[in-house]
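This report concerns only the one structure given below.
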Amino acid sequence: MAGATGVAAVDRALAILDAFTDQDPKLSLAELAKRTGLYKSTAIRLAKSLEKGCYLHRSEDGAYRLGTKVLSLGAMYQKHFGTAEVVPQILRQIVDELHEGASFYVRDEAQRLCLHRVESPRAVRDTIHVGDRLPLTVGAGGHVILAFSGLTGAKYDEIRRSMYAASFGERDPETAAVACPVFGLDQKFIGALSVSGPRYRIEALGVHAILPVLFRHARNLTRTLGGNADATAFAAWAKVPKGARSGGPPAMAVKPTRPAPAARAGR
């Protein structure tokens with residue numbers, strides 16, 4: 001019966017669909033029952049209903065795999081879904097928590113495009129506008145985009161391992177940023193989620209304080225966009241890297257030789 005928390009039979013059917021993973025595209029009835037905690041008799045009744053609706057397919061060996069209806073729904077979701085529906089909301093949450101500006105960058109040929117932006121409420125801030133194009137070769141967002149676009153080298157290997165990049169004064173000596181990747185369907189890289197602001201405030205706040213917030217929202221956004229945020233490749237999201245414990249810039253950051261007259265946009 002329907003209740004405040006939903007319908008038990010629907011919850012059980014969804015549990016069966018959730019039992020499949022990237023590593024286990026086919027599961028036996030016994031394994032489905034084990035993973036869902038259902039009796040085999042219950043699991044097989046639900047599996048038959050899901051099979052009838054093409055949400056499951058039963059192979060000749062008796063094992064089950066996801067059916068064509070799941071693919072159809074996924075394609076429909078991807079077709080009608082736009083980042084404008086969710087990314088600005090995520091950026092506002094980041095700004096509310098860290099009180100610094102938040103951006104979402106995507107690759108635009110040899111540049112990075114600011115697709116979404118929410119400014120910091122503070123009077124002193126770095127200013128970026130939606131539609132701004134910045135270099136890929138400098139700035140945390142650019143480093144993340146290059147790393148997850150397949151660029152090789154020790155710096156990009158480390159970004160892929162740690163799942164973030166930080167930049168301090170690379171384009172402007174008085175600005176800094178921390179960015180991490182966001183993924184979508186089939187773990188395809190989509191863009192870079194970035195927090196930026198005056199360098200002295202980012203250093204005072206510390207990368208170690210920014211990353212847990214950034215990672216949490218990157219995971220949530222990845223799930224919303226159809227990616228598997230719990231994939232083994234993204235294990236770094238579950239912890240703050242040791243190299244980020246201090247508040248200052250990491251070894252890869254570029255230090256300016258002379259101060260700029262004022263904080264400007266660009267990390």
Flag side-chain contact, heavy atom, 4.5 Å: M163 against F148: yes
Contact check, side chains of V70 and Y55, non-hydrogen atoms, under 4.5 Å: yes
Nearest-0.5 Å distance that lies between atom OH in Y164 and atom CG in L214: 11.0 Å
Under 3.5 Å donor-acceptor, D132 side chain and H129 backbone: yes
Distance-minimising heavy-atom pair for L146 and R107: CD2-NH1, 4.1 Å
T36 OG1 to D11 CG distance, which is reported to the nearest 0.5 Å: 12.5 Å
Any side-chain heavy-atom pair of L17 and L56 under 4.5 Å: yes
Heavy-atom closest pair, residues V95 and P121: CG1-CD, 3.7 Å
Nearest heavy-atom neighbours spanning I202 and F168: CG2-CE2, 4.0 Å
R125 vs S196 side-chain heavy atoms within contact, under 4.5 Å: no
Atom pair SG (C180) and CZ (R216), whose distance is rounded to the nearest 0.5 Å: 11.5 Å
Nearest heavy atoms of V144 and A179, plus distance in Å: CG2-O, 3.6 Å
Salt-bridge contact R35-D18 (side-chain N to carboxylate O under 4.0 Å): no
Minimum heavy-atom distance between V130 and R117, given as atom pair plus value: CG2-N, 3.7 Å
Backbone of P135 reached by a side-chain donor or acceptor of R112 within 3.5 Å: yes
Rounded distance [0.5 Å steps], CD in E119 versus CD in E100: 11.0 Å
Carboxylate-amine/guanidinium proximity below 4.0 Å for R161 and E158: yes
Side chain to side chain, R201 and S120, heavy atoms closer than 4.5 Å: yes
Distance in Å, S149 OG paired with Y156 OH, rounded so as to fall on 0.5 Å steps: 10.5 Å
S41 OG to L29 CG distance, which is reported to the nearest 0.5 Å: 9.5 Å
Pairwise side-chain contact, I90 with T224, heavy-atom cut-off 4.5 Å (strictly under): no
Heavy atoms from other residues, nucleotides or ligands near CZ of R12 exceed 12 (cutoff 6.0 Å): no
Those residues that, when tested against F234, pass ring pair (Phe, Tyr, Trp, His ring centres under 6.0 Å) (two or more places apart): F183, W237
Whether H116 and F104 hold their rings parallel, tilted or perpendicular, with breakpoints at 30° and 60°: tilted
Under-4.0 Å salt bridge between D61 and K26: yes
Within-4.5 Å side-chain heavy-atom neighbours: L193 and L91: yes
Worked verdict on R223 versus D230 for salt bridge (charged side-chain N to carboxylate O under 4.0 Å, His left out): CA-CA 9 Å; R223 290 190 183 99; D230 299 315; 3.2 Å; yes
T68 and H57: CA distance, side-chain angles, deciding distance, side-chain contact (heavy atoms from CB on, under 4.5 Å) verdict: CA-CA 8 Å; T68 56; H57 174 79; over 6 Å; no
Verdict with supporting geometry, K48 and R58, side-chain contact (heavy atoms from CB on, under 4.5 Å): CA-CA 9 Å; K48 285 181 178 179; R58 191 178 186 187; 5.7 Å; no
Minimal non-hydrogen separation, P25 against R65, with atom names: O-CB, 3.2 Å
From CA spacing to verdict: side chain to side chain donor-acceptor pair (under 3.5 Å), D126, T175: CA-CA 7 Å; D126 70 323; T175 60; 5.8 Å; no
Sub-4.5 Å side-chain heavy-atom contact between I128 and L134: yes
